[in-house]
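Values in this document were obtained by computation on a predicted structure and should not be read as measured data.
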2 protein chains.
Amino acid sequence: MAKAAKQKTSGGPEKTTRIQEINRRLILDAALDVFSTYGFRGTTIDQIAEKAGMSKPNLLYYFPRKQNIYVTLLEETLTEWLAPLADIDPEGDPIEQLRKYITLKIKMSESHPEASRLFANEVLHGAPAISDFLAKHLKPLVDEKAVVIRRWVGEGKLAPVDPYHLIFMIWATTQHYADFDVQVRAIMGSQVGRPGFREQTAQAVLSIILNGIRPRD
Amino acid sequence: MAKAAKQKTSGGPEKTTRIQEINRRLILDAALDVFSTYGFRGTTIDQIAEKAGMSKPNLLYYFPRKQNIYVTLLEETLTEWLAPLADIDPEGDPIEQLRKYITLKIKMSESHPEASRLFANEVLHGAPAISDFLAKHLKPLVDEKAVVIRRWVGEGKLAPVDPYHLIFMIWATTQHYADFDVQVRAIMGSQVGRPGFREQTAQAVLSIILNGIRPRD
DNA sequence: CTGCATTTTGACCAACTAGTCAAGTTTTTG
DNA sequence: CAAAAACTTGACTAGTTGGTCAAAATGCAG
């Protein structure tokens, strides 16, 4: 849906010029910042344009509608966000695979909190722009991994646990540190900024979840 | 800060009339619905007024600013939301107390998802309207309970775990089902509506967290 | 260098929305 | 039952914002 720029030539396969490449990236980067802070309705095109260093009509030359920027950003973000889940190896050691996954998600939460917030905000408001995407890409992937986890449980390598709720729990806990950052800071204060904070977080989360699903005899 | 209505009389202690009581409640109930769905900026006063069954100027007679409704609602909500945490009994059995707390929070997530979303949205956007409230009410309460949990760990009644991260984890997992409802539905489909779903959720969450913090020998 | 396509922008518009106001209606009170 | 207080609202305003447009500036292929 997200076409490049107006094509005044015939309807052939649209090529992207060097300038288009640069400017679209500039716009998307600026928009991520603004959208993730103020939400879709709370963001003005002017804000994005200013942050991207161009005029509003120029921005609209690349993305004719505000909605276009938003959707492009969401799909881009979500794809990247999902990669670690896809990387879970069905043949690996369950605890090890999940440890890797959780660790990676916590890292992402720290390095790209805006992306997490952009997505959280969208889902919070009923995912009007990406419910199709969720159904088409998210659900199949989760279903696939749920089968793997269920097999692990069956083989006695994990305590009996519902795969879906386990995945939700991992998402919830890891993204919490990005999405609710302000609340975490309000409570833990200066600790949050300190060097080892991410490791401490990872340690706590891993300890509870992994012990929670380790097979018991 | 949220004064009742314009007082045309002298500056005495303002009394609330019967009509004021009714209409303020009507407005707040309507506003919770709309704000939680569309966010602060995404909500118009007209929307709230229509849902509350009154004209816009009349609504503004009770809450002179849109912001007033929003803040009142947030503080009301957060207070109620925090009660179960305050109820954790320092002298009770740790696992039992936490089981009760988690169960209650999952119930609240199901019965008042709008309240959860309203709050989540506010925090997500940096809590501009309630950061004071967080510092003044949330932090002290959490600090207080953290001491209790730390003592429980010291007494060997819980596995070594950071109290703050444990509390965050409980919040994250329980509120996830309200805040990310759309995503949960996109993945689990019709299961979500089914009768026993809340119990199944509670069971999964409790199983992982409680086993995760049960003392190991 | 020339001419066409692409890119850029100032000026503008229509729709929307928070909040005002003055004039009316209803409720309360003495 | 009157008069005052409380309540209600249609009509309006000022500010904002998504998007248009025509014309100017720039880039680029031959």
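- A straight line from NZ of A:Lys66 to P of D:dG19 spans 8 Å, rounded to a whole angstrom.
- In this structure, B:Gln67 atom CD and C:dT17 atom C1' are separated by 16 Å, rounded to whole Å.
- Applying the side-chain hydrogen bond (donor to acceptor under 3.5 Å, both in side chains) criterion to A:Lys136, with sequence neighbours excluded, gives no partner residue.
- When atom types are taken as modelled, the side chain of A:Gln97 and the backbone of A:Pro94 share no donor-acceptor pair closer than 3.5 angstrom.
- At D:dA6, none of the side-chain N or O atoms of B:Gln20 fall inside 4.0 Å of OP1 or OP2 (strictly under the cut-off).
- Among residues at least two apart or in separate chains, ring-ring contact (aromatic ring centres under 6.0 Å, His included) pairs with a member in residues 17-43 of chain B are B:Phe35-B:Phe40, B:Phe35-B:Tyr70, B:Phe40-B:Tyr70.
- Contact record, B:Ala115 with B:Thr77: CB-CG2, 3.6 Å, taken as the closest heavy-atom pair.
- A pairwise comparison of heavy atoms in A:Ile48 and A:Ile27 identifies CG2-O, 4.0 Å as the closest pair.
- C:dT6 atom P lies 11 Å from atom OH of A:Tyr62, rounded to whole Å.
- Under the side-chain hydrogen bond (donor to acceptor under 3.5 Å, both in side chains) criterion, A:Arg150 pairs with no residue at all, not counting sequence neighbours.
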Protein and nucleotides 28-30 of chain C: nitrogen or oxygen contacts under 3.5 angstrom:
from, atom 1, to, atom 2, distance (Å)
C:dT28, OP1, B:Arg18, NH2, 3.2

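- B:Glu21 places its CD atom 18 Å from the P atom of C:dT27, with the value rounded to the nearest Å.
- At the phosphate of D:dG10, neither OP1 nor OP2 sits under 4.0 Å from any side-chain N or O atom of B:Ser55.
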Between protein and nucleotides 20-22 of chain C, what N or O pairs are separated by less than 3.5 Å?
from, atom 1, to, atom 2, distance (Å)
C:dT20, OP1, B:Arg65, NH2, 3.1

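- For the ring-ring contact (aromatic ring centres under 6.0 Å, His included) condition, no pair includes a residue of residues 97-117 of chain A, sequence neighbours left out.
- Put simply, A:Tyr61 has a side-chain N or O that comes within less than 4.0 Å of OP1 or OP2 on C:dT7.
- Using a 4.0 Å cut-off, some side-chain N or O of A:Asn58 falls inside it from OP1 or OP2 of C:dT9.
- Ring-plane geometry between B:His165 and A:Phe197 is classed as tilted, the angle between the planes lying from 30 to 60 degrees on a 0 to 90 degree scale.
- As a whole-Å value, the separation of B:Ile22 CD1 from C:dT26 P is 17 Å.
- Note on B:Asn23: every side-chain N or O is 4.0 Å or more away from OP1 and OP2 of D:dA6.
- Among the duplex regions that DNA chain C forms, those built from at least three successive Watson-Crick or G-U pairs under 3.5 Å are C:1-30 with D:1-30, ordered by first number.
- For the pair B:Lys56 and B:Asp46, the salt-bridge criterion is met [side-chain N within less than 4.0 Å of a carboxylate O].
- Here B:Arg99 pairs with B:Glu96 under the salt bridge (charged side-chain N to carboxylate O under 4.0 Å, His left out) rule; sequence neighbours left out.
- With sequence neighbours excluded, the residues satisfying ring-ring contact (aromatic ring centres under 6.0 Å, His included) with A:Phe180 are A:His176.
- In summary, A:Arg25 and A:Glu76 engage in a salt bridge, as defined by a charged side-chain N under 4.0 Å from a carboxylate O.
- Applying the 6.0 Å contact sphere to CD of B:Glu114 captures more than 12 heavy atoms from other residues, nucleotides or ligands.
- Scored by the ring-ring contact (aromatic ring centres under 6.0 Å, His included) test, A:Tyr164 finds no partners at all (sequence neighbours excluded).
- Taking every heavy atom of both residues into account, B:Arg41 and A:Gly42 meet most closely at NH1-O, 3.5 Å.
- Applying the 4.0 Å criterion to OP1 and OP2 of D:dG27, one finds that A:Thr17 has every side-chain N and O outside that range.
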With the criterion being N/O to N/O and under 3.5 Å, what pairs connect the protein with nucleotides 24-26 of chain D, and how long is each?
none

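- Across the protein-nucleic acid pair, A:Glu50 atom CD and D:dG18 atom P stand 14 Å apart, rounded to whole Å.
- DNA chain D is contacted by A:Thr43, A:Thr44, A:Ile45 of residues 25-49 of chain A, taking any non-hydrogen atom closer than 4.0 Å.
- Side chain of B:Lys145 to main chain of B:Ile88: a donor-acceptor pair is present (N/O by atom type, distance under 3.5 Å, no hydrogens or angles).
- Scanning all heavy atoms of the two residues, the minimum distance from B:Glu122 to B:Ala129 falls at OE2-N, 2.7 Å.
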